[in-house]
Amino acid sequence: MNLKKTLLTTVTAGAIIGSVVGLAGAATDTPSASKATAKVADFSVLEANAQSNGEWVDILSTNIMTANQKDLFVDVSLQSGLYTKTVARSKDMVKDTSTASAGVEVRVLVDGKEAAPGDVIFSQREQELSATLQGQVDLVDKDQDGVIEEGELAVVAPEEISLLLNTVSANSFDFVLPDVQSGNHTVTVQAKITDSASFENGSAEASAVIGKGAVTVEEVRMVKDNNIQLQ
């Protein structure tokens, strides 16, 4: 592989996406043979927005000028966080189940065309919590005779179990688009955050964020043989 040109764009952008909240503005730069740019923002978690849940959002965008037909390698590195909380609330030995899931997917577009291998899961969690509990028991006046006697026990409230997971990880993945024609090309990194929650008598929450990130674009002349299959 003979590397000819490298273009680097680095972004530190907490609150780029917070549980499917759209980006205020993507990091961009102008065409160049070789350069580096950076933008910085504070890391934070945003509230969920159901209207944008599951939609692709531009998070990084840059341009590269190619003199001849070449292949483009795009390396994307992102920091992503997942938050899930489930509460199971049960009494009278009746099973209760709560579930929460959150995930971050990434893809790369070159002039609007999707680079291989397509959508990539950067982080994902499926969390389920089930409980079968007796409930809180106390003495009560069952026969309402004004006297609470030994043995007059009753379940007065459900018992509950909760599980909360809050994690942040950094991941990287390489994308490729072969046979790119000469000229100025726009490379766009898109992310999609999905979250869902379901519960019966308990409760459930799920959200995700994308924080610090970087994208590196390399113009190469790739050796194509039987070991490389592009679709």
Self-check item: Stepwise side chain to side chain contact (heavy atoms under 4.5 Å, CB included) test for V76 and F173
Solution: CA-CA 6 Å; V76 178; F173 203 91; 5.7 Å; no
Self-check item: D71 vs D179, side chain to side chain contact (heavy atoms under 4.5 Å, CB included): CA-CA, chis, key distance, verdict
Solution: CA-CA 5 Å; D71 308 312; D179 302 327; 3.7 Å; yes
Self-check item: side chain to side chain contact (heavy atoms under 4.5 Å, CB included) between S169 and N171, intermediate numbers included
Solution: CA-CA 7 Å; S169 60; N171 299 286; 3.4 Å; yes
Exercise. May I have the step-by-step check of side chain to side chain contact (heavy atoms under 4.5 Å, CB included) for L78 and I59, ending in yes or no?
Key: CA-CA 10 Å; L78 288 177; I59 59 172; 3.7 Å; yes
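In terms of heavy-atom proximity, S207 sits nearest to D195 at CA-OD2, 4.0 Å. Listed here is the closest heavy atom pair of T84 and A206: CG2-CB, 4.3 Å. Smallest separation of non-hydrogen atoms from A208 and V104: CB-CG2, 4.1 Å. Closest approach of M65 to N184, counting heavy atoms only: SD-N, 3.5 Å.
Clustering ILVMFWY residues whenever any of their side-chain heavy atoms sit less than 4.5 angstrom apart, transitively, puts V106 in a cluster other than the one holding L109. At a threshold of 4.5 Å between side-chain heavy atoms, the hydrophobic network of Ile, Leu, Val, Met, Phe, Trp and Tyr places V215 and L177 in one connected group.
Counting only distance, with no hydrogens or angles, the side chain of S98 and the backbone of V87 share a donor-acceptor pair below 3.5 Å. Judged by distance alone, with hydrogens and angles left aside, the side-chain atoms of E105 form no donor-acceptor pair with the main-chain N or O of K192 at under 3.5 Å. A donor-acceptor pair under 3.5 Å links the side-chain atoms of R89 to the main chain of N201, judged by distance alone. Remark: the backbone N or O of L133 is paired with a side-chain donor or acceptor of S90 at under 3.5 angstrom.
T99 and S198 share a donor-acceptor pair across their side chains, judged by distance under 3.5 Å alone. Between E219 and T66, the side chains place no donor N or O within less than 3.5 Å of an acceptor N or O (distance only, hydrogens not considered).
Expressed to the nearest 0.5 Å, how far CD1 of I210 lies from CD1 of I193 amounts to 4.5 Å. In this structure, OG1 in T86 is found 9.0 Å from CD in E128, a value given to the nearest 0.5 Å. Interatomic distance, K91 NZ to D96 CG, rounded to the nearest 0.5 Å: 12.0 Å. Once rounded to the nearest 0.5 Å, the distance linking OG1 of T62 with CD1 of I64 reads 8.0 Å. Once rounded to the nearest 0.5 Å, the distance linking CD of Q127 with CG of L164 reads 7.5 Å. Distance check: F175 CZ to D75 CG gives 9.0 Å after rounding to the nearest 0.5 Å.
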In a table with atom names and distances, give each donor-acceptor pair under 3.5 Å that connects a side chain of residues 111-123 to protein atoms at least two apart or in another chain.
from : atom 1 : to   : atom 2 : distance (Å)
D111 : OD1    : T186 : N      : 2.8
D111 : OD2    : H185 : ND1    : 2.6
S123 : OG     : S80  : OG     : 3.0

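The shortest distance between side-chain heavy atoms of T132 and M93 falls below 4.5 Å.
With sequence neighbours left out, the salt bridge (Lys or Arg N to Asp or Glu O under 4.0 Å) criterion links E205 to no other residue.
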